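Bear in mind that the values here come from a model prediction, so they are computed numbers and not experimental data. Every heavy atom of this structure was used, including side-chain atoms; hydrogens, water molecules and symmetry mates were not. Just so it is clear: chains get the letters A, B, ... in the order the sequence lines come, proteins before strands, and each one is counted from 1.
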Amino acid sequence: MLFRETEIAGLEALLLVAGEPLTIEHLANILDLNSPDILELLSELRQRYSSPACGFMIFEVNGGFKLGTKPEMSHYIETLYHQPTQGLSGAALEVLAIIAYKQPVTKGEIDFLRGVQSDRALATLVEKGLTKEIGRKEGPGRPILYGTTEQFLLHFGLKSLKNLPELDFEKMREEAREELDEELDKE
Amino acid sequence: MLFRETEIAGLEALLLVAGEPLTIEHLANILDLNSPDILELLSELRQRYSSPACGFMIFEVNGGFKLGTKPEMSHYIETLYHQPTQGLSGAALEVLAIIAYKQPVTKGEIDFLRGVQSDRALATLVEKGLTKEIGRKEGPGRPILYGTTEQFLLHFGLKSLKNLPELDFEKMREEAREELDEELDKE
Amino acid sequence: MKKEVLAKPGPYIELPAFQGPLDLLLHLIQQEKIDIYDIPIAKIADQFIDAVRQMDDLDMEVTSEFLVLAAQLLYIKSRYLLPKLPKEEAEGEAEDPRQELVERLIAYRSFKEAALILGELEVSSGKKYFRTVDINEIRSQFKEEGDPLEGVAFTDLWEAFSHVIVRAEQGVETKTVEPDEISIDKMMDDVLRRVILHPHGTRFSQLIRGNSRMEVIMSFLALLELLKEGKIRCEQSAPQQDIHLLPTEKAWEFTEGE
């Protein structure tokens, strides 16, 4: 790969200035290489960054690549920003879980599932860029539909929504119904 | 410096994330080192980045340090952010047409003829070098008078404004009236 | 007062941790090790109401959602206490009054579980930070190349101008209000705009837009006013010919000082 010095430097530069994760195809296009080459360059960069003397890390999200800092570096960044970044509150995590697994979903639906108003938690999540409006639901009032963002995937270290831990809601509900029927039969 | 691995990684991470240039004192504070150490770490990083296989560069701005890309990388970045030349908006074209045929003309006059504010469209035209200030109108407030530029003439292959094709105002009005009558009939 | 509350026998519950009434109910069920599909509704309803009362005593915010669920529980409890109506008996497979509640609880439990998993994931995946990229700043470093008028032909310019004329002819400003609300100033603007747009003159008949009798009168008055002010002048080539109206040097004076 010694002959690809310019391209690997270009790859680094692109990762630094890109706002959104860059896909293999996009990178191949800009660097005038084919996709396997890009993958090879990325793995070379990853190896370079794996040194403990390096603070960078490449994250993959939705088939795109993004440059960020290693989790071990977080305390330095928190000192820079004068605040330890707090984990999400219980309420926020509940709302986020509902959005992640049921998206697109409206605030009304979230409220109903939680049995409690979720305005503040939802506002926090939108503010943190973890969820966003992804449209309007047809019907009276055309309520806003919420979904998760790429920032959400990055925050939880997920490559894509498919990598969300599996929760078989349908199955759970089926089971609930069956057991209930059994109870009724007994009576 | 082998024992400073964590700090140099931290320095990299800070430079990656910080929006503003970071001063030596600030960095020393966060990394819990003294200023000479920071300078040493910075020069080590600079050496690391000097490799042709690296796309980064540390810039000193106003006594602070920031991470950026090497000048040689600019063509890649340009490709990433390449934006097709944006066409003029409908509003900008209207303003341009008015300036072309009514020059010299003030913003107030343009606004009056269009029946709407033209600030943004006018600013775009000036920015793109299609119109320019050509003087001031006598009278209260001495408003700026606008006219077209050489670039405007060049684009349309005109030697001078005198060669501007005559607009068929009568035909335009007839068409406008027809449109209006149709609309009235519909009502 | 508080002593009394604390002295009250009953399950110890860590009140502030509840996300809402469903969370509290789920907690009570799990604490009593009750089968969620066979909730002893009378007992749980009483415990739920006790807990809500305690929250109230502790000056915690008892949102209306808690009260709604308490009412729902009491309602279900009452259905068990009342003898079944003959009609219901006849239907045989009457729906369990707890069914809807159980389904909501199960759904809530799944999402609560999902929230816990996400919480663990948040910690295990570690905190990472990214650079906030100012795209506009980066873009501004590169000169925009090319002709901003690329693809713009003369007809586009012509068309843009005719849009202005169409708007002026339609009298957008005067169209939006009731005719009797049109002020003479507005109408003068409307007439003047159309006269200025046509450097070769406008026929008198073209200026009068006959949407309504009132509008005709107003535009005629506006025209007279503009003539008086010297912003418009008349031309008539021969006695029987149309009168042409043209803008004068003074036509633009309205904008002065803007």
Shortest non-hydrogen pair, F130(C) vs V17(B), comes out as O-CG1, 4.1 Å
Side chain to side chain contact (heavy atoms under 4.5 Å, CB included) test vs L96(B) passes for just one of D156(C), V152(C), L157(C), namely L157(C)
| said: If you count every heavy atom of other residues, nucleotides or ligands that lies below 6.0 Å from D134(C) atom CG, does the total exceed 12? | reply: yes
Would a 4.5 Å heavy-atom cut-off, applied to side chains only, mark L67(B) and R131(C) as touching?
-> yes
Checked G201(C), A160(C), S162(C), A153(C) vs chain B; the most non-hydrogen pairs under 4.5 Å come from A160(C)
So, the part of L16(B) with a heavy atom under 4.5 Å from chain C: the answer is both
Any side-chain heavy atom of H200(C) sitting closer than 4.5 Å to one from E166(B)? yes
Next item on the list: State whether the number of non-hydrogen atoms from other residues, nucleotides or ligands found under 6.0 Å of N62(B) atom CG is greater than 12.
Entry: no
F112(B) and R193(C) have their tightest heavy-atom pair at O-NE, 2.5 Å
Greatest number of non-hydrogen atom pairs under 4.5 angstrom with chain B, of Y129(C), W158(C), F161(C), falls to F161(C)
Heaviest contributor of heavy-atom pairs below 4.5 Å to chain C, chosen from F169(B), Y101(B), F152(B), is F169(B)
Taken to the nearest 0.5 Å, the spacing of M172(B) CE from H198(C) NE2 works out to 8.5 Å
Note: L164(B) and F154(C) closest approach over all heavy atoms is CD1-CZ, 3.9 Å
(request) Please indicate whether E60(B) has more than 12 foreign heavy atoms, meaning atoms of other residues, nucleotides or ligands, lying under 6.0 Å from its CD. (result) yes
Without hydrogens or angle criteria, can the side chains of R173(B) and T202(C) be said to hold a donor-acceptor pair below 3.5 Å? yes
Worksheet entry | Any side-chain heavy-atom pair of K102(B) and I196(C) under 4.5 Å | yes
The interface call for I99(B) against chain C, heavy-atom contacts under 4.5 Å, is neither
Here the gap from L93(B) atom CG to E159(C) atom CD, rounded to the nearest 0.5 Å, amounts to 9.5 Å
Per-pair distances, 0.1 Å, donor-acceptor, side chain in residues 113-125 of chain B, under 3.5 Å, sequence neighbours excluded:
from	atom 1	to	atom 2	distance (Å)
R114(B)	NE	E94(B)	OE1	2.9
R114(B)	NH1	S118(B)	OG	2.9
R114(B)	NH2	E94(B)	OE1	3.4
S118(B)	OG	D111(B)	OD1	3.0
S118(B)	OG	V116(B)	O	3.4
D119(B)	OD1	K107(B)	NZ	3.3
T124(B)	OG1	R120(B)	O	2.9

Nearest heavy-atom approach of Y81(B) to V133(C) is OH-CG1, 3.7 Å
Turns out that what part of I77(B) lies under 4.5 Å from chain C's heavy atoms comes down to both
More than 12 heavy atoms of other groups within 6.0 Å of E72(B) CD:
yes
